Amino acid sequence: MNLFAHFKAVVEAALGELVKTNVLPKDADFSRIAVESPRDAAHGDITTNAAMVLAKPAGQTPRQLAEMITDLLQQDDEIEAAEVAGPGFINLRLASSFWPKLAAEAFKLGDDYGRSQTGGGERVNVEYVSANPTGPLHVGHCRGAVFGDALANILQTVGYDVVREYYINDAGAQVDVLARSAYLRYREALGETIGEIPEGLYPGDYLMPVGEALKTQHGDALLSVAETDWLPVVREFAIAMMLDMIRDDLASLNIHQEVFTSEQSVHGEASTKVKDILDVLRAKGLVYEGRLEPPKSLSEAERNDWENRDQLLFRSSEHGDDTDRPLVKSDGSFTYFASDVAYALDKFERGFSQMIYVLGADHSGYVKRLEAVMHAVSGGQSRAVVKLCQLVKLFRGGEPVKMSKRAGEFVTLREVVDEVGPDVVRFMMLYRKNEAPLDFDFEKVTEQSRENPVFYVQYAHARICSVFRNAVQEFGEDAVSVDKLLASDFNLLQDDAEIAILKRIGEYPKLLEAAAASHEPHRVAFYLYDLASEFHGLWNKGKESPQLRFILASCMHVTLARLAFLRVIRYVLGNGLRIMGVNPVEEM
RNA sequence: GGCCCCGUAGCUCAGUUGGAUAGAGCAGCAGCCUUCUAAGCUGAAGGUCCCAGGUUCGAAUCCUGGCGGGGUCGCCA
């Protein structure tokens with residue numbers, strides 16, 4: 001159950017009564033009504049702005065209207081008190097019997113608590129990583145990878161039909177560079193001394209295995225043929241190996257996208273789709289022959305160099321882009337933008353209503369055109385949502401980690417995962433808003449201390465597991481079985497700290513919905529941190545006040561209620577951690 | 001120059017899509033403490049939410065204009 005959805009319905013029922021008695025007009029707009037928890041717990045458990053939002057259409061002051069609403073709400077058994085406060089807020093204090101009821105329901109749902117159908121099975125495509133298949137993933141890819149994966153998890157949890165996708169940029173000039181670089185390694189594998197890698201080729205030694213594999217497969221046969229003949233062969237071979245490597249890198253973070261779409265297959269030379277797509281676009285009136293002004297950012301010299309010619313343009317400016325964009329280069333081949341269009345159309349035809357693109361912040365200039373393209377090719381039926389992830393800065397003990405891009409010296413994703421583990425990487429990448437830069441310190445993130453949120457949250461989960469181990473040891477497996485816990489009396493949870501935690505548990509379903517709607521996985525991370533914090537606080541209270549401990553040997557019924565309560569917390573921690581892709585450990 | 005993002009406590013950051021007296025964690029201050037799992041606990045203090053207007057019952061949040069920081073900007077990928 002969703003606490004807030006439940007009471008929103010209660011409030012709306014009361015408003016319905018007021019419509020019947022003509023206090024409110026029939027066409028009153030309820031859409032701006034919020035039912036949420038107040039910032040300050042002293043204001044009660046649930047608050048709504050209904051009276052303030054509807055005062056004008058009702059022709060009353062907010063407080064007058066609020067009085068009428070509270071009179072109705074007070075009749076509800078689950079509401080102990082309803083009062084008007086401030087400019088016209090209605091604050092509800094729930095009956096003390098309500099929280100135990102919520103705990104019991106959450107217990108029954110177990111790991112499914114928080115799951116909902118608010119997405120209504122809407123088809124959503126989440127595209128993330130999509131790195132060029134020219135080398136291993138580096139740290140820069142890491143954040144988007146984790147972000148996209150966690151976002152997909154959240155959307156699934158609240159009832160969207162999600163496809164995780166990787167777009168392979170295997171059609172441009174950079175894969176030819178890859179092929180030439182791999183060919184050099186091939187010659188090296190055959191015994192040639194290649195010396196320094198020439199400027200413009202990829203220097204990384206991750207291509208040496210590609211050279212070796214080429215040798216194994218082709219012997220020296222590729223040495224004697226012209227580049228036009230070996231290049232396509234080497235290219236496809238190298239791309240396949242690079243993709244395998246990338247998949248392995250992603251697997252180290254437990255990321256497994258189900259669809260890998262190749263740019264070549266969408267619009268490459270071999271594809272016949274290109275013409276079809278152009279025909280479709282023409283039919284929709286989206287392309288025309290025309291000229292573009294030189295961009296203002298060009299220098300005088302570059303401006304003189306600008307080739308002012310008629311070309312095939314896409315009408316993206318009519319769909320929100322800054323300018324129309326070329327589809328065909330002067331050499332007759334298609335632009336990268338053309339493949340964006342083709343790919344957007346491809347996605348649309350696969351039936352998604354929402355396409356999420358997770359990109360690095362350096363792609364911020366592409367947001368408008370992606371949105372415009374999707375709007376254009378779908379006729380406004382699908383929307384593109386672009387999420388930008390800011391850079392990750394690496395530190396070690398407070399000192400920035402130096403890397404130089406030109407020697408191919410970059411920190412790979414794999415190196416980071418191998419050093420600190422996937423749990424730490426995944427949690428830390430989500431413990432910041434996506435559009436804020438992120439500092440990642442190798443030493444701090446592995447520290448086992450309160451300052452480290454990864455540890456802090458996992459530790460809460462592990463602590464609960466440890467209480468259960470103790471309980472089993474003390475009372476035996478049967479005495480604390482699931483059935484016994486289910487039958488326990490949740491009304492025995494009466495301490496303020498326990499109730500406060502139950503209230504937070506009650507917020508969880510709504511939190512997931514909000515995280516999904518705003519595409520903000522970090523909210524889950526912060527929620528878990530807060531929940532863990534409250535749990536640790538309760539634990540500490542038990543040190544001072546033994547009667548608050550979870551296991552009270554002298555009082556079995558209280559013990560059972562508290563164990564059931566702990567289990568609910570554990571469900572939520574485990575559920576949230578799994579959404580983030582972090583392993584809920586049982587021991588530390 | 002155009003566009004995008006950011007600006008909140010000394011530091012690092014949240015802020016429930018416009019709600020009430022703006023919150024955490026560090027650091028600093030004052031006490032306590034030897035554990036149901038140790039990686040401590042409690043409390044107090046800390047603010048011109050970058051600035052100036054605007055929108056309305058109500059703005060850190062939305063709009064306009066500035067200031068400061070970052071990113072990006074031809075047929076590259």
Side-chain angles (χ1 to χ4, degrees), chain A residues 4 32 34 36-40 42-43 47-49 52-53 55-56 61-63 85-89 91 132 134 169 171-175 177 263 292-298 302-303 305-307 309 311 322-323 325-331 333-339 360-368 386 388 390-391 431-437 439 447-453 455-456 459 462-463 465-467 469-471 474 507 510-511 513-515 517-518 520 522-523 525-527 529-530 533 536-537 539-544 546 548-553 587-588:
Chain A
F4 300 96
R32 287 180 58 226
E36 53 200 4
S37 61
R39 278 219 174 125
D40 190 338
H43 292 136
T47 187
T48 178
N49 61 355
M52 291 183 288
V53 171
K56 202 171 265 182
T61 67
R63 289 193 65 105
F89 286 103
N91 292 332
N132 294 336
T134 55
N169 293 136
Q174 86 281 346
V175 285
V177 173
E263 181 182 352
L292 284 181
E293 289 297 307
K296 295 222 167 71
S297 63
L298 296 190
E302 288 169 320
R303 204 174 285 250
D305 208 30
W306 176 263
E307 188 188 353
R309 63 179 177 89
Q311 51 186 338
D322 298 317
T323 176
R325 303 203 179 263
L327 293 163
V328 182
K329 297 191 217 174
S330 48
D331 68 2
S333 64
F334 286 89
T335 62
Y336 188 82
F337 178 79
S339 78
D362 53 340
H363 287 72
S364 62
Y366 297 80
V367 176
K368 276 192 189 175
V386 183
L388 298 175
Q390 279 289 345
L391 292 181
Y431 197 59
R432 190 109 315 172
K433 257 190 311 216
N434 57 293
E435 62 261 30
D439 291 348
E447 232 169 61
Q448 301 218 329
S449 75
R450 188 191 170 134
E451 286 106 80
N452 180 358
F455 162 77
Y456 195 62
Y459 186 42
R463 259 184 166 172
C465 294
S466 114
V467 173
R469 285 192 295 272
N470 288 346
E474 191 155 342
E507 289 173 6
K510 187 185 179 192
L511 173 107
E513 286 169 20
S518 58
E520 292 184 343
H522 75 274
R523 293 186 190 217
F526 282 95
Y527 172 88
Y529 182 85
D530 288 341
S533 172
H536 288 306
W539 179 287
N540 290 328
K541 263 179 113 174
K543 287 185 189 173
E544 306 246 317
L548 280 179
R549 296 186 180 192
F550 305 122
I551 296 177
L552 295 176
E587 267 180 289
M588 299 187 77

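Since this is a predicted model, take the numbers as computed values, not measurements. In what follows, every chain begins at residue 1, and chains take the letters A, B, ... in the order their sequences are listed.
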Handout entry: Sidechain-backbone polar pair: Asn434(A) side chain, Leu388(A) backbone, donor-acceptor under 3.5 Å
Key = yes
Fill in the blank from the handout: Rounded to whole Å, the OH-P distance (Tyr527(A) to rG15(B)) equals 16 Å
Practice task
Mind checking Ser330(A) for me? I need base, sugar-phosphate or nothing, with any heavy atom below 4.0 Å counting as a touch.
Solution key: base
Handout entry: Identified pairing partner of rG68(B), criterion: Watson-Crick or G-U wobble below 3.5 Å
Key = rC6(B)
Practice task
Provide the distance between the two P atoms, one in rG31(B) and one in rC49(B), to the nearest whole Å.
Solution key: 33 Å
Exercise for the section: For Ala55(A), answer base if it contacts any base atom (sugar-phosphate contacts may also be present), sugar-phosphate if it contacts only those atoms, and nothing otherwise; contact means non-hydrogen atoms under 4.0 Å. Expected result: nothing
Completion exercise
Here the gap from Thr48(A) atom OG1 to Phe4(A) atom CZ, rounded to the nearest 0.5 Å, amounts to 11.5 Å
Exercise for the section: Find the distance Leu327(A):CG to rG74(B):C1' and express it as a whole number of Å. Expected result: 15 Å
Practice task
Report the distance from atom CG of Asp322(A) to atom P of rG2(B), rounded to the nearest whole Å.
Solution key: 12 Å
Handout entry: Atom pair distance, as rounded to whole Å: CD in Glu544(A) and C1' in rC36(B)
Key = 14 Å
Problem - Partner nucleotide, any strand, of rG19(B) [Watson-Crick/G-U, under 3.5 Å] - result: rC57(B)
Exercise for the section: Measure the acute angle between the ring planes of Tyr366(A) and His363(A), then classify it against the limits of 30° and 60° as parallel, tilted or perpendicular. Expected result: tilted
Handout entry: Distance, P atom - from rC3(B) to rG66(B), rounded to whole angstrom
Key = 10 Å
Exercise for the section: Would you indicate, yes or no, if rA14(B) has its OP1 or OP2 atom less than 4.0 angstrom from a side-chain nitrogen or oxygen of Lys433(A)? Expected result: yes
Problem - Whether Thr335(A) side chain and Pro326(A) backbone form a donor-acceptor pair below 3.5 Å - result: yes
Problem - Non-hydrogen side-chain atoms of Arg463(A) and Trp539(A) separated by less than 4.5 Å - result: yes
Practice task
Could you measure between the two C1' atoms, the one in rA22(B) and the one in rU8(B), and give it in whole Å?
Solution key: 8 Å
Exercise for the section: Select base, sugar-phosphate, or nothing to describe what Pro437(A) touches, counting heavy atoms under 4.0 Å on all strands. Expected result: sugar-phosphate
Practice task
Please check the phosphate of rC57(B) (OP1 and OP2 only) for any side-chain N or O of Lys56(A) closer than 4.0 Å.
Solution key: yes
Handout entry: Donor-acceptor contact below 3.5 Å, side chain Asn452(A) vs main chain Gln448(A)
Key = no
Completion exercise
Ranking Arg523(A) and Phe455(A) by the position along RNA chain B of their nearest nucleotide, the one closer to 5' is Arg523(A)
Problem - Within-4.5 Å side-chain heavy-atom neighbours: Ser518(A) and Arg523(A) - result: yes
Exercise for the section: For nucleotides rG19(B) and rA30(B), find the distance between their C1' atoms and express it as a whole number of Å. Expected result: 36 Å
Practice task
May I ask you to decide if Ala34(A)'s main-chain N or O and Asn49(A)'s side chain share a donor-acceptor pair within less than 3.5 Å?
Solution key: yes
Handout entry: Flag side-chain contact, heavy atom, 4.5 Å: Leu292(A) against Thr323(A)
Key = yes
Practice task
Using the P atoms only, state how far rU42(B) lies from rG25(B), rounded to an integer number of Å.
Solution key: 9 Å
Exercise for the section: Taking atom P in both rU64(B) and rG2(B), compute the distance separating them and give it to the nearest angstrom. Expected result: 14 Å
Exercise for the section: For the residue pair Val328(A) and Phe334(A), establish whether any side-chain heavy-atom pair is separated by less than 4.5 Å. Expected result: yes
Completion exercise
From NZ of Lys541(A) across to C1' of rG40(B) the rounded distance in Å is 18 Å
Handout entry: Atom pair distance, as rounded to whole Å: CZ in Arg469(A) and C1' in rC36(B)
Key = 13 Å
Practice task
On the 0 to 90° scale, with breaks at 30° and 60°, tag the Tyr431(A)-Phe526(A) ring pair as parallel, tilted or perpendicular.
Solution key: parallel
Practice task
For Phe526(A) and for Gln311(A), locate the closest nucleotide of RNA chain B by heavy-atom distance; then report the residue assigned to the nucleotide nearer the 5' terminus.
Solution key: Phe526(A)
Fill in the blank from the handout: Side-chain atoms of Tyr459(A) come closest, of rC75(B), rC36(B), rU37(B), to rU37(B)
Exercise for the section: Syn or anti for rU17(B), please, going by whether the chi angle lies within 90° of 0. Expected result: syn
Exercise for the section: Kindly say if Lys329(A) contacts the phosphate of rC76(B), meaning a side-chain N or O under 4.0 Å from OP1 or OP2. Expected result: yes
Exercise for the section: Looking at every strand, decide which applies to Tyr366(A) at a 4.0 Å heavy-atom threshold: base, sugar-phosphate, or nothing. Expected result: base
Problem - Listed nucleotide nearest any side-chain atom of Ser364(A), set rU72(B), rA39(B), rA14(B) - result: rU72(B)
Problem - Asp439(A) CG - rC6(B) C1' separation (whole Å) - result: 14 Å
Practice task
Side-chain contact test, heavy atoms from C-beta onward, threshold under 4.5 Å: evaluate it for Arg469(A) versus Glu587(A) and give yes or no.
Solution key: yes
Problem - side-chain N/O Lys543(A) vs rC32(B) OP1/OP2, d < 4.0 Å - result: no
Completion exercise
Counting primed atoms, P, OP1 and OP2 as sugar-phosphate and everything else as base, the B/S/- map of nucleotides 43-48 of chain B against protein heavy atoms under 4.0 Å is ------
Practice task
Could you check whether Gln448(A) gets within reach of a base, just the sugar-phosphate, or nothing at all, counting any heavy atom under 4.0 Å?
Solution key: base
Practice task
State, to 0.1 Å, how close Glu263(A) and Ala171(A) come at their nearest heavy-atom pair, and which atoms those are.
Solution key: CD-CB, 3.5 Å
Handout entry: Nearest-Å distance once atom P is located in both rC5(B) and rU61(B)
Key = 15 Å
Exercise for the section: Give Gly172(A) one of three labels, base, sugar-phosphate or nothing, depending on what nucleic acid heavy atoms sit under 4.0 Å from its own. Expected result: sugar-phosphate
Exercise for the section: Name the pairing partner of rG1(B), where a pair is Watson-Crick or G-U wobble with both distances under 3.5 Å, or state none. Expected result: rC73(B)
Fill in the blank from the handout: Whole-Å distance, Leu511(A) CG to rU16(B) P, equals 11 Å
Exercise for the section: Select base, sugar-phosphate, or nothing to describe what Arg325(A) touches, counting heavy atoms under 4.0 Å on all strands. Expected result: nothing
Short N/O separations, protein against nucleotides 19-24 of chain B, under 3.5 angstrom:
from	atom 1	to	atom 2	distance (Å)
rA20(B)	OP2	Arg39(A)	NH1	3.3
rA20(B)	N6	Thr47(A)	OG1	2.7
rA20(B)	N6	Asn91(A)	OD1	2.5
rA20(B)	N1	Asn91(A)	OD1	3.3
rA20(B)	N1	Asn91(A)	ND2	3.0

Problem - Presence of His522(A) side-chain N/O under 4.0 Å of rU16(B) phosphate oxygens OP1/OP2 - result: no
Problem - Nucleotide nearest Ile551(A) when distance is taken to its side chain, options rG40(B), rC36(B), rU72(B) - result: rC36(B)
Handout entry: Whole-angstrom distance between rG28(B) and rU72(B), as gauged at atom P
Key = 38 Å
